[in-house]
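What you see below is based on every heavy atom in this structure, not just the backbone, and it leaves out hydrogens, waters and symmetry mates. Here, residue 1 is the first one in the sequence, and each next residue gets the next number.
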Amino acid sequence: MIDSTKHHWDTIYQTKAENEVSWYQTYPSSSMKMIESYNLPLNANIIDIGGGDSRFAEALIDKGYTNIHVLDISESAIRRAKERLGEKSSVIQWIVSDVTDFEPSVKFDCWHDRAAFHFLTTEDQVNKYVTLVNKAVKQEGCLVIGTFSEKGPLKCSGLEIKQYSEASLAERFGGSFQLVECFYEDHHTPFQSVQNFVFCSFRKRSSK
């Protein structure tokens, strides 16, 4: 299953230009707005899940952040990101892995995921992801997640997805995290279609 998923995403990044994928953004304004609201120190450990060749890591670099991690299942996506970023890419720790197999070597001050979590469609995958986030994020750390909403698409890049609402995201992550903020947003794709997202940010609860 992992091999077929990896092949699927490698093929997309080998055959489509940066602005020929539906999730493309010139600047990740919603994600950055949420990240900046936490006033994280510039040496905070921040990870971008499914970051591939997105502009999020570059936006973090431009803000002065120095401990950036990008995880993606597609080696082709990461290779392309490195080529686009040039010397900037050396600031980033690149990780080729399926997120459900990821074993982090550090604790994160912030976990960011825009449009990766909703590709996990089985209960086993979702539970593994939630368990990983709970373990990987520091106390008082933040989780910023954006997924297709219940008004969004049912598929993306030929794959089934799982839709979420503010309530269902809060239910999934509410055990270890306190909901801080949620909003809905229309993403206008390069193909002139509209995808409705729900973005939520959470703060990791302190252990008692």
Q) So Gln125 and Thr100, side chain to side chain donor-acceptor pair (under 3.5 Å) or not? Walk me through it. A) CA-CA 7 Å; Gln125 289 174 323; Thr100 59; 5.9 Å; no
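- Val106 is not connected to Ile46 by any chain of hydrophobic side-chain contacts under 4.5 Å among Ile, Leu, Val, Met, Phe, Trp and Tyr, and they are in different clusters.
- Side-chain contact check for Ile145 versus Ile49: every heavy-atom pair is 4.5 Å or farther apart.
- No path of Ile, Leu, Val, Met, Phe, Trp and Tyr side chains, each step under 4.5 Å between heavy atoms, connects Val96 with Val99, placing them in separate hydrophobic clusters.
- Looking at Val133 and Phe202, their side chains never come closer than 4.5 Å, going by heavy atoms from C-beta outward.
- Taking Thr11 as the reference, His7, Thr15 meet the side chain to side chain contact (heavy atoms under 4.5 Å, CB included) condition, with sequence neighbours excluded.
- Closest non-hydrogen pair, Val70 versus Gly52, comes out as CG1-N, 3.9 Å.
- No continuous path of ILVMFWY side-chain contacts below 4.5 Å connects Ile47 to Met32, so the two sit in separate hydrophobic clusters.
- Identified under the ring-ring contact (aromatic ring centres under 6.0 Å, His included) test for residues 123-155, with sequence neighbours left out: Trp111-Tyr129, Phe117-Tyr129, His118-Phe148, Phe148-Phe197.
- The shortest non-hydrogen separation linking Val198 to Ser165 is CG2-C, 4.3 Å.
- The distance from the CG atom of Asp186 to the OG atom of Ser193 is 10.5 Å, given to the nearest 0.5 Å.
- For Asp72, there are no salt bridge (charged side-chain N to carboxylate O under 4.0 Å, His left out) partners, not counting sequence neighbours.
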Q) Can Asp48 and Ile92 be said to form a side-chain contact (heavy atoms from CB on, under 4.5 Å), step by step? A) CA-CA 10 Å; Asp48 185 22; Ile92 300 168; over 6 Å; no
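- Contact record, Ala59 with Tyr27: CB-CE1, 3.8 Å, taken as the closest heavy-atom pair.
- Between the side chain of Asp98 and the backbone N or O of Ile73, no donor-acceptor pair lies under 3.5 Å.
- Summarising the local packing, CD of Gln139 is surrounded by more than 12 heavy atoms from other residues, nucleotides or ligands at distances under 6.0 Å.
- No side-chain heavy atom of Arg80 sits under 4.5 Å from any side-chain heavy atom of Ser74.
- Remark: the Gln178 side chain and the Arg203 side chain contain no N/O donor-acceptor pair separated by less than 3.5 Å.
- We find the CG-NZ distance between Leu40 and Lys63 to be 13.0 Å, quoted to the nearest 0.5 Å.
- For the 3.5 Å distance criterion, the side chains of Glu160 and Thr121 fail to qualify, holding no donor opposite an acceptor.
- Scanning for side chain to side chain contact (heavy atoms under 4.5 Å, CB included) contacts around Lys16 gives Ile12, Glu20, Val21, with sequence neighbours left out.
- A 4.5 Å side-chain heavy-atom check between Glu75 and Lys6 finds at least one atom pair inside the cut-off.
- Below 30°, between 30° and 60°, or above 60°: for Tyr13 and Trp9 the angle between ring planes is between 30° and 60°, a tilted geometry.
- The backbone N or O of Lys151 lies less than 3.5 Å from a partner atom in the side chain of Ser149, making a donor-acceptor pair.
- Of the inter-residue distances, the one linking Ser31 atom OG with His112 atom NE2 reads 2.5 Å to the nearest 0.5 angstrom.
- Annotation: salt bridge (charged side-chain N to carboxylate O under 4.0 Å, His left out) contacts of Glu18 (sequence neighbours excluded): Arg55, Arg84.
- Checked for salt-bridge contact, Lys128 and Glu103 miss the test: no charged N lies under 4.0 Å from a carboxylate O.
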Q: Apply the test side-chain contact (heavy atoms from CB on, under 4.5 Å) to residues Thr147 and Lys162: give CA-CA distance (whole Å), side-chain angles for both, the deciding distance (0.1 Å), then the verdict.
A: CA-CA 8 Å; Thr147 74; Lys162 187 175 178 65; over 6 Å; no
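- A 4.5 Å side-chain heavy-atom check between Lys88 and Asp62 finds at least one atom pair inside the cut-off.
- Residues Val130 and Leu71 fall within the same hydrophobic cluster, defined by Ile, Leu, Val, Met, Phe, Trp and Tyr side chains chained together at heavy-atom separations under 4.5 Å.
- Atom CG of Leu179 is separated from atom CD of Glu171 by 12.5 Å, given to the nearest 0.5 angstrom.
- Taking CD1 of Ile61 as the start and OG of Ser90 as the end, the distance is 8.0 Å to the nearest 0.5 Å.
- Between Asp109 and Glu140, every side-chain heavy-atom pair lies at or beyond the 4.5 Å cut-off.
- Linking ILVMFWY residues whenever their side-chain heavy atoms come closer than 4.5 Å, directly or via other members, leaves Leu169 and Phe119 in distinct clusters.
- Residues Ile35 and Phe56 have side chains in contact (heavy-atom distance under 4.5 Å, counting atoms from C-beta outward).
- Within the structure, ring-ring contact (aromatic ring centres under 6.0 Å, His included) contacts touching residues 57-97 (residues at least two apart or in different chains) are His69-Phe108.
- Within the 4.5 Å cutoff, side-chain heavy atoms of Tyr164 are placed close to those of Arg172.
- For the atom pair CD (Glu166) and SG (Cys200), the distance works out to 5.5 Å, reported to the nearest 0.5 Å.
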